[in-house]
Amino acid sequence: MSTPYAKLPAWADYGLIPLINLSVAFIVAGFVVMLVGENPFRAAVILVEGAFGKGTGIAFTLFYATTFIFTGLSVAVAAHCSLFNIGTEGQAYIGGLGIALVCLSLDSVMPWWVIFPIAIVAAATFGALWGLIPAYLQAKRGSHIVITTIMFNFIAASVMVYLLVGPLKPAGSQAPQTRNFLAGAELPKLNWIIELFGAKIRSAPLNICFLLALVMAFLVWLLIWRTRLGYEMRTYGHSPKAARYAGISETRIIITAMMISGALAGMMALNPVMGDQHNVAIDFVSGAGYVGIAVALMGRLHPVGIVLAAILFGMLYQGGAELAFEMPAISRDMIVIIQGLVILFAGALEHMFRPYIQALFASVSPKSVGMQAVNGKGA
């Protein structure tokens with residue numbers, strides 16, 4: 001009869017295993033760099049320095065991380081309810097539509113500090129409503145949430161293409177995008193915070209959405225671990241049968257969780273739309289919804305882990321751009337390969353090393369040592 005694996009302490013489960021997975025991903029990425037004839041150690045130095053070596057790099061890293069925090073939290077909230085929301089990409093798209101309607105209507109008559117809260121509500125509402133439809137189909141019709149959310153990504157993209165080449169495109173413009181927002185819909189930058197530490201920033205889009213993302217991470221922590229609703233969501237996620245036996249409405253909990261997830265995804269659009277490009281263009285989400293899946297898995301569905309994982313992926317995006325510039329042999333496609341390796345080992349293969357680590361902990365645990373002593377004495 002095989003010996004059951006020991007339960008890992010929190011520091012090993014949430015720190016050691018992700019660190020091992022990440023290290024293996026970078027080791028494999030190093031071999032990929034070697035295949036094109038470059039020095040993997042120099043590439044690693046350029047990657048890190050490009051993301052954190054200068055003030056501008058830090059600002060861009062945190063800008064990208066802001067986007068991934070929102071999408072990672074979106075995936076995590078649904079996952080705690082045992083719902084695999086692959087629709088954050090589409091929900092963010094539709095959230096951008098809500099922001100566009102607010103900004104285009106109010107940017108000439110109101111300042112940013114009035115428009116911003118309204119845009120937050122609009123983005124969250126539009127994203128939540130886009131998440132409501134797959135949730136209803138799952139709760140009432142038994143449609144699988146993975147299939148419906150994937151399909152709704154394509155529907156959202158098609159809706160946005162129609163609007164951006166038609167009703168929302170300004171007259172005389174050839175670009176598939178809205179008009180540029182006026183100053184009332186432009187968010188203030190946070191670059192001055194980094195400059196307080198002596199760093200110089202030429203130009204970077206880091207804005208107050210980063211602070212909003214941190215606030216939402218804290219609120220998600222409160223929701224999941226400090227409220228009755230969060231307890232019901234986790235209960236349903238662990239055992240739907242037990243949740244039904246406890247009187248938790250399956251329909252209510254699925255719809256609520258997906259609407260919160262969709263709201264967080266919709267709020268992601270605030271960062272690129274109001275904080276950077278100041279318009280809504282086709283493909284402004286740029287795959288951030290799918291990256292959010294890896295961020296949530298790597299962060300173990302915990303807001304603190306998600307923030308750290310989002311910064312890691314922000315580093316890969318910003319440092320990868322610097323790496324492609326400094327090492328021409330490493331193209332943008334190879335940067336995508338490196339990012340894919342991190343997603344592979346930190347997400348899809350996150351449990352690959354767990355049995356070995358659990359066995360190691362079981363062999364050195366005090367209980368295991370005591371049992372061996374008893375068995376040796378009996379012999």
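Not measured: the values here are computed from a predicted model.
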* Give the intermediate values and the outcome of side-chain contact (heavy atoms from CB on, under 4.5 Å) for residues Phe116 and Leu212. => CA-CA 11 Å; Phe116 187 43; Leu212 177 64; 4.0 Å; yes

Please determine, by modelled atom types, if [X] and [Y] share a side-chain donor-acceptor pair under 3.5 angstrom.
{"X": "Gln91", "Y": "Asn85", "answer": "yes"}
{"X": "Thr67", "Y": "Asn271", "answer": "yes"}
{"X": "Ser74", "Y": "Ser261", "answer": "yes"}
{"X": "Tyr236", "Y": "Glu250", "answer": "yes"}

Is the side chain of [X] donor-acceptor paired with the backbone N or O of [Y] at a distance under 3.5 Å, no angle test?
{"X": "Asn207", "Y": "Pro205", "value": "yes"}
{"X": "Asp107", "Y": "Leu182", "value": "yes"}
{"X": "Glu89", "Y": "Gly289", "value": "yes"}
{"X": "Gln138", "Y": "Ile145", "value": "yes"}
{"X": "His278", "Y": "Asp276", "value": "yes"}
{"X": "Arg234", "Y": "Leu229", "value": "no"}
{"X": "Asn153", "Y": "Gly90", "value": "yes"}
{"X": "His80", "Y": "Leu301", "value": "yes"}
{"X": "Thr178", "Y": "Val280", "value": "yes"}
{"X": "Thr66", "Y": "Cys209", "value": "no"}

So how far is it from [X] [atom1] to [Y] [atom2], rounded to the nearest 0.5 Å?
{"X": "Tyr317", "Y": "Ser286", "atom1": "OH", "atom2": "OG", "answer": "8.0 Å"}
{"X": "Leu264", "Y": "Thr88", "atom1": "CG", "atom2": "OG1", "answer": "10.5 Å"}
{"X": "Trp130", "Y": "Met259", "atom1": "CH2", "atom2": "CE", "answer": "13.5 Å"}
{"X": "Leu206", "Y": "Thr61", "atom1": "CG", "atom2": "OG1", "answer": "10.0 Å"}
{"X": "Ile17", "Y": "Leu22", "atom1": "CD1", "atom2": "CG", "answer": "13.5 Å"}
{"X": "Asn191", "Y": "Leu62", "atom1": "CG", "atom2": "CG", "answer": "10.0 Å"}

* Lys54 atom NZ, neighbour heavy-atom count above 12 within 6.0 Å -> no

* **Greater than 12 external heavy atoms within 6.0 Å of Trp225's CH2** => yes

Any side-chain heavy atom of [X] sitting closer than 4.5 Å to one from [Y]?
{"X": "Phe325", "Y": "Ile46", "result": "no"}
{"X": "Tyr162", "Y": "Pro167", "result": "yes"}
{"X": "Leu190", "Y": "Leu211", "result": "yes"}
{"X": "Pro9", "Y": "Phe361", "result": "yes"}
{"X": "Leu47", "Y": "Phe26", "result": "yes"}
{"X": "Val273", "Y": "Asn279", "result": "no"}
{"X": "Ile99", "Y": "Phe126", "result": "no"}
{"X": "Ile282", "Y": "Met160", "result": "no"}

Please tell me whether [X] and [Y] are part of a single hydrophobic cluster in this structure, the criterion being side-chain heavy atoms less than 4.5 Å apart.
{"X": "Tyr290", "Y": "Phe154", "answer": "yes"}
{"X": "Met268", "Y": "Val215", "answer": "yes"}
{"X": "Leu106", "Y": "Trp113", "answer": "yes"}
{"X": "Leu164", "Y": "Leu101", "answer": "yes"}
{"X": "Phe181", "Y": "Val114", "answer": "yes"}

* Does the side-chain contact (heavy atoms from CB on, under 4.5 Å) test come out yes or no for Phe70 and Val295, once each step is laid out? -> CA-CA 10 Å; Phe70 281 117; Val295 168; over 6 Å; no

Do you know which two heavy atoms are closest between [X] and [Y], and how far apart they sit?
{"X": "Ala135", "Y": "Met258", "answer": "CB-CB, 3.4 Å"}
{"X": "Ala122", "Y": "Gly98", "answer": "CB-O, 3.7 Å"}
{"X": "Met233", "Y": "Val77", "answer": "CE-O, 3.5 Å"}
{"X": "Ile201", "Y": "Thr56", "answer": "CA-OG1, 3.5 Å"}
{"X": "Ile69", "Y": "Ala310", "answer": "CG1-CB, 3.5 Å"}
{"X": "Val165", "Y": "Pro176", "answer": "CG1-CB, 3.8 Å"}

* Which is it for Thr148 and Met151 under the side-chain contact (heavy atoms from CB on, under 4.5 Å) test, yes or no, and what are the steps along the way? -> CA-CA 5 Å; Thr148 53; Met151 293 299 101; 5.7 Å; no

* Name the orientation class of the two ring planes belonging to Phe313 and Phe68 (parallel below 30°, tilted from 30 to 60°, perpendicular beyond 60°). => perpendicular

* Asked: Taking the six-membered ring for Trp, are Phe60 and Phe63 parallel (under 30°), tilted (30 to 60°) or perpendicular (over 60°)?
  -> perpendicular

* To do: Could you walk me through whether Arg252 and Glu232 pass salt bridge (Lys or Arg N to Asp or Glu O under 4.0 Å), step by step?
  => CA-CA 10 Å; Arg252 177 180 64 86; Glu232 291 177 345; 2.8 Å; yes

* Which is it for Thr251 and Tyr136 under the side-chain contact (heavy atoms from CB on, under 4.5 Å) test, yes or no, and what are the steps along the way? -> CA-CA 8 Å; Thr251 300; Tyr136 178 84; over 6 Å; no

* Asked: Are Tyr93 and Phe284 near enough that their ring centres are under 6.0 Å apart?
  -> yes

